[in-house]
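In what follows, chains are A, B, ... by sequence order, proteins preceding strands, each numbered from 1. Everything numeric in this text was worked out from a predicted model, so none of it was measured.
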Amino acid sequence: AQSVTQPDIHITVSEGASLELRCNYSYGATPYLFWYVQSPGQGLQLLLKYFSGDTLVQGIKGFEAEFKRSQSSFNLRKPSVHWSDAAEYFCAVGAPDTDKLIFGTGTRLQVFP
Amino acid sequence: EPEVTQTPSHQVTQMGQEVILRCVPISNHLYFYWYRQILGQKVEFLVSFYNNEISEKSEIFDDQFSVERPDGSNFTLKIRSTKLEDSAMYFCASSEDWEISYEQYFGPGTRLTVT
């Protein structure tokens with residue numbers, strides 16, 4: 001069965017600092033991988049996705065993520081965080097034979113000025 | 001930019017009552033979903049709907065739950081007899097063509113409180 005682990009419940013960074021949010025997945029074949037962001041009172045917004053090809057994917061708002069099969073990871077990165085990036089970030093996994101997404105527990109990002 | 005909308009934003013109901021949560025997916029989308037997030041827990045898949053029928057459902061989606069696309073624009077989730085443990089944020093999502101785009105667009109959610 002598919003599963004997703006986000007080891008960090010809460011991360012605090014200073015504005016302008018770099019960011020890496022961790023995501024590990026469990027799935028037998030090549031999964032479809034996603035990062036979503038949820039701002040307070042908002043729905044889930046898709047930041048980026050991976051399902052094949054180049055393992056480094058670029059997303060919106062300056063985010064990128066790298067798929068590493070050997071580590072079963074899909075970590076989200078941003079070189080310089082802005083105060084508006086404060087939100088909850090969810091990693092999710094899907095598979096070719098289903099259209100349901102399995103979500104991780106989320107990482108809450110706090111940004112200090 | 002088109003978006004998924006959900007009404008109401010907050011619904012309070014008494015245990016045992018029926019509730020209907022409403023969603024308007026993006027107009028040209030063909031795949032529809034409901035997810036829920038109990039406070040402090042992860043977002044969980046409930047059901048997917050395509051071509052006017054359920055394509056997949058989770059163990060959570062028991063006989064108390066049903067979905068319907070009554071008029072070609074709305075997509076509803078009905079809970080027949082609510083329980084305290086149904087209290088959660090319910091998200092609707094839609095996808096234009098999942099097998100091509102692998103993108104699901106989520107609405108802002110309806111917070112359901114069962115008292």
Side-chain angles (χ1 to χ4, degrees), chain A residues 1-10 23-27 29-53 57-61 65 67 74 87-108, chain B residues 1-7 9-10 21 23-26 29-51 53-61 88-111:
Chain A
Q2 305 154 49
S3 67
V4 179
T5 302
Q6 293 180 250
D8 304 305
I9 297 172
H10 188 196
C23 172
N24 294 97
Y25 68 89
S26 174
Y27 182 62
T30 300
Y32 301 156
L33 294 161
F34 307 84
W35 275 99
Y36 281 85
V37 61
Q38 183 182 29
S39 298
Q42 304 293 313
L44 297 160
Q45 182 182 22
L46 179 64
L47 284 175
L48 46 76
K49 64 184 180 186
Y50 170 82
F51 53 94
S52 67
V57 292
Q58 303 296 320
I60 62 171
K61 306 186 179 188
F67 170 57
F74 189 58
E88 184 124 25
Y89 291 80
F90 293 93
C91 181
V93 64
D97 57 348
T98 176
D99 55 355
K100 75 178 179 188
L101 297 179
I102 306 295
F103 284 85
T105 49
T107 297
R108 181 165 297 279
Chain B
E1 184 177 332
E3 57 184 21
V4 176
T5 59
Q6 291 184 242
T7 54
S9 57
H10 190 190
L21 308 183
C23 167
V24 179
I26 296 173
H29 285 194
L30 302 175
Y31 297 75
F32 313 107
Y33 312 88
W34 284 102
Y35 292 79
R36 79 173 186 189
Q37 184 181 28
I38 295 172
L39 189 63
Q41 298 185 25
K42 61 176 69 177
V43 176
E44 302 172 289
F45 169 82
L46 292 178
V47 65
S48 57
F49 190 87
Y50 171 71
N51 202 23
E53 60 183 27
I54 291 173
S55 47
E56 191 169 356
K57 60 183 181 180
S58 71
E59 294 172 353
I60 303 167
F61 195 89
M89 180 74 89
Y90 288 80
F91 293 104
C92 174
S94 69
S95 177
E96 181 178 5
D97 190 336
W98 170 254
E99 295 176 1
I100 295 175
S101 71
Y102 305 113
E103 292 181 1
Q104 293 182 18
Y105 293 85
F106 284 74
T110 292
R111 179 164 298 285

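- More than 12 heavy-atom neighbours from other residues, nucleotides or ligands sit within 6.0 angstrom of CD1 on A:Ile60.
- In this structure, chain B has a heavy atom under 4.5 Å from the side chain of A:Gln38, while its backbone stays farther away.
- Note: A:Tyr36 OH to B:Tyr105 OH = 8.5 Å, rounded to the nearest 0.5 Å.
- For chain B, the nearby parts of A:Leu44 are the backbone and the side chain; heavy atoms of each come within less than 4.5 Å.
- Contact tally against chain A (heavy-atom pairs below 4.5 Å) for B:Gly109, B:Ser9, B:Ser48, B:Ser55: the top residue is B:Ser48.
- When all heavy atoms of A:Lys49 and B:Tyr102 are compared, the pair lying nearest together is CD-O, 4.0 Å.
- Rounding to the nearest 0.5 Å places CG of A:Asp99 at 12.5 Å from CZ of B:Phe49.
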Review point. For A:Leu101 and B:Phe45, what are the C-alpha separation, side-chain angles and deciding distance, and is it a side-chain contact (heavy atoms from CB on, under 4.5 Å)?
Key: CA-CA 7 Å; A:Leu101 297 179; B:Phe45 169 82; over 6 Å; no
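- In this model, a donor atom of one side chain and an acceptor atom of the other lie less than 3.5 Å apart for B:Glu56 and A:Thr98.
- Atoms CG and CD, on A:Leu46 and B:Gln104 in that order, are 9.5 Å from each other to the nearest 0.5 Å.
- Scanning both residues, B:Val43 and A:Phe90, for their nearest heavy atoms gives CG2-CE2, 4.4 Å.
- Across B:Glu103, B:Gln37, B:Arg111, the residue that shares the most heavy-atom pairs under 4.5 angstrom with chain A is B:Glu103.
- Heavy-atom pairs under 4.5 Å with chain A peak, among B:Gln6, B:Lys42, B:Met89, B:Glu44, at B:Lys42.
- Contact tally against chain A (heavy-atom pairs below 4.5 Å) for B:Tyr50, B:Phe106, B:Tyr33, B:Tyr31: the top residue is B:Phe106.
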